[in-house]
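Read through the structure below, which is laid out as structure tokens, and then see the notes.
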Protein chains: 2
Amino acid sequence: MDIEQHKIPQATAKRLPLYYRFINNLHSQGKLRVSSKELSEAVKVDSATIRRDFSYFGALGKKGYGYNVEYLLSFFRKTLDQDEITKVALIGVGNLGTAFLHYNFMKNNNTKIEYAFDSNPEKVGTEIGGVPVKHIDKLEDIVKGDITAAILTVPSAAAQGITDRLVHSGVSGILNFTPARITVPEHIRVHHIDLSIELQALVYFLKHYPLEAGEEQEE
Amino acid sequence: MDIEQHKIPQATAKRLPLYYRFINNLHSQGKLRVSSKELSEAVKVDSATIRRDFSYFGALGKKGYGYNVEYLLSFFRKTLDQDEITKVALIGVGNLGTAFLHYNFMKNNNTKIEYAFDSNPEKVGTEIGGVPVKHIDKLEDIVKGDITAAILTVPSAAAQGITDRLVHSGVSGILNFTPARITVPEHIRVHHIDLSIELQALVYFLKHYPLEAGEEQEE
DNA sequence: GGCAGATTGTGAAAAACTTAACGACTATCT
DNA sequence: AGATAGTCGTTAAGTTTTTCACAATCTGCC
């Protein structure tokens with residue numbers, strides 16, 4: 001089964017959590033069916049792309065009818081949540097880290113932030129958004145063998161050092177919010193999200209790609 | 001000149017701010033020249049892609065030599081900063097909003113957050129990261145005609161309402177950090193960044209696309 | 001039961017993006 | 001001066017992603 005999964009395009013994989021959330025919304029609103037066109041308007045993805053994305057998983061809909069929300073939801077739950085919850089650690093309880101901890105993650109979600117780490121003694125020992133804050137010195141002890149992924153919200157000067165310790169403690173993925181581009185062994189996956197770059201890119205697009213009626217938006 | 005700019009692929013445009021920052025770093029480290037290979041290792045983008053990206057702007061480098069850091073920097077400054085600074089407003093001074101305000105934006109940057117808005121009377125009137133916090137009721141008065149883009153860091157229930165007010169006040173771009181997919185007229189550009197989806201996508205990739213030696217990383 | 005209208009799933013084409021490969025050129029070493 | 005190693009810009013090939021467009025087929029109504 002894992003072999004076949006490889007046929008799902010990465011672009012599709014990135015949209016799955018988005019679909020999942022909106023289907024969840026529809027379900028809690030009591031909606032029974034939805035068409036690719038409706039969904040398209042809600043998530044801002046072309047309806048043909050949605051149908052194509054869904055089709056990678058087989059025939060989830062019915063012609064002339066659309067998709068059954070209940071069925072779609074249970075399908076996504078099975079596909080995305082897959083067995084067990086992924087345990088995550090968050091490093092760096094500044095403003096950004098705190099924002100993450102307050103996010104209501106467990107809703108519709110296959111991930112749980114188990115621990116946060118910081119070096120500030122005023123924060124260590126407290127609990128934020130239900131997540132205990134540990135001292136950064138304990139990183140290896142606590143993470144080792146138990147945690148799969150890490151969210152990196154430390155100052156960029158500390159990024160590579162903490163990364164090395166995370167890799168050494170066996171995490172397989174890092175969500176890097178620092179401006180530093182961290183270096184990791186080949187088997188570790190890193191996604192970078194850089195707030196400053198996102199803003200600059202938006203501004204560049206505003207200046208150089210003014211939207212005319214009919215042009216579409218992208219992520 | 002603006003007409004020709006349209007030939008730059010969007011994928012390239014998104015990488016420009018990243019290149020810009022690293023070239024800046026190199027420059028402040030006193031480095032005089034850099035090759036696409038070196039740069040590739042620093043920013044984690046294939047060296048051929050970098051050469052291709054740069055080439056959209058003409059011949060910036062010298063064969064057998066590489067790129068002159070000083071020249072590259074002045075070129076990017078001209079291209080990205082383009083005349084004047086873009087004025088930005090931030091709506092919602094929660095943890096995420098505060099993180100943004102503390103970001104050192106003006107460094108290497110063509111954008112400035114001029115005002116923040118919130119409804120909390122304890123925050124209104126203060127200044128965070130050098131940015132004055134105004135009451136949300138004043139949004140239209142202050143934004144109108146002066147502000148080009150907005151960063152939306154409000155609770156998702158408020159997202160569409162604030163969006164409508166921003167559009168009405170004449171902003172052309174919105175960086176939306178709420179999980180809601182907002183609806184705007186066609187001439188307004190929206191970039192969505194959804195923290196929860198980023199985490200879920202990372203986890204999905206970890207489970208279904210385990211990295212082997214030789215596979216590459218993407219954003 | 002039958003028909004009008006709706007909507008999927010997908011083949012095929014187009015578009016967008018990345019990567020490999022190489023000719024042309026530079027710098028430096030001996 | 002010639003040899004060597006390094007590097008760009010670009011052509012061409014490859015890959016991935018999006019979009020079009022429509023037959024197949026289901027629903028809902030009469």
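Here is how names work: the chains are called A, B, and so on, in the same order as the sequence lines, proteins then strands, and each is numbered from 1. Side-chain atoms are counted along with the backbone in the values below, which use heavy atoms only and exclude waters and symmetry mates.
- Atom pair B:Asn68:CG and C:dT26:P shows a separation of 15 Å (rounding to whole Å applied).
- Atom NZ of B:Lys14 and atom P of C:dA16 are 13 Å apart (whole Å).
- Within 4.0 Å of B:Tyr67, counting heavy atoms only, lie sugar-phosphate atoms of the nucleic acid but no base atom.
- Distance, A:Ile50 CD1 to C:dT10 P: 16 Å, rounded to whole Å.
- Applying the side-chain hydrogen bond (donor to acceptor under 3.5 Å, both in side chains) criterion to B:Lys144, with sequence neighbours excluded, gives no partner residue.
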Contact list (N/O, under 3.5 angstrom) for nucleotides 27-30 of chain C vs protein:
none

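- In terms of position on DNA chain C, the residue among B:Thr49 and A:Gly58 whose nearest nucleotide sits closer to the 5' end is A:Gly58.
- Atoms OG1 and CG, from B:Thr98 and A:Asn95 in turn, are 5.0 Å apart once rounded to the nearest 0.5 Å.
- Taking CG from B:Leu26 and CG from B:Leu73, the interatomic distance works out to 9.5 Å, rounded to the nearest 0.5 Å.
- With sequence neighbours excluded, no residue forms a side-chain hydrogen bond (donor to acceptor under 3.5 Å, both in side chains) with A:Tyr115.
- Proximity of B:Ser36 to the phosphate of D:dC8: a side-chain N or O atom is located under 4.0 Å from OP1 or OP2.
- Applying the ring-ring contact (aromatic ring centres under 6.0 Å, His included) rule to pairs touching residues 33-52 of chain A yields nothing, sequence neighbours excluded.
- The line from CD1 of B:Ile91 to CG of B:Leu166 is 5.0 Å long, rounded to the nearest 0.5 Å.
- Side-chain contact, B:Asn110 with B:Thr86: no donor N or O sits under 3.5 Å from an acceptor N or O.
- A:Lys31 is linked by a side-chain hydrogen bond (donor to acceptor under 3.5 Å, both in side chains) to A:Glu38, counting only residues two or more places apart in sequence or in another chain.
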Could I get a table of every N or O pair under 3.5 Å where one atom is in the protein and the other is in nucleotides 20-23 of chain D?
{"residue": "D:dA21", "atom": "N6", "partner": "A:Arg51", "partner atom": "NH2", "Å": "3.3"}

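- Both B:Ser55 and B:Glu38 lie close to DNA chain D; mapped to their nearest nucleotides by heavy-atom distance, the more 5′-ward contact belongs to B:Glu38.
- Aromatic ring orientation, B:Phe177 versus B:Phe100: perpendicular (interplanar angle above 60°, classes split at 30° and 60°).
- At the heavy-atom level, A:Thr12 lies nowhere under 4.0 Å from the strands shown.
- Distance, A:Leu32 CG to D:dG28 P: 11 Å, rounded to whole Å.
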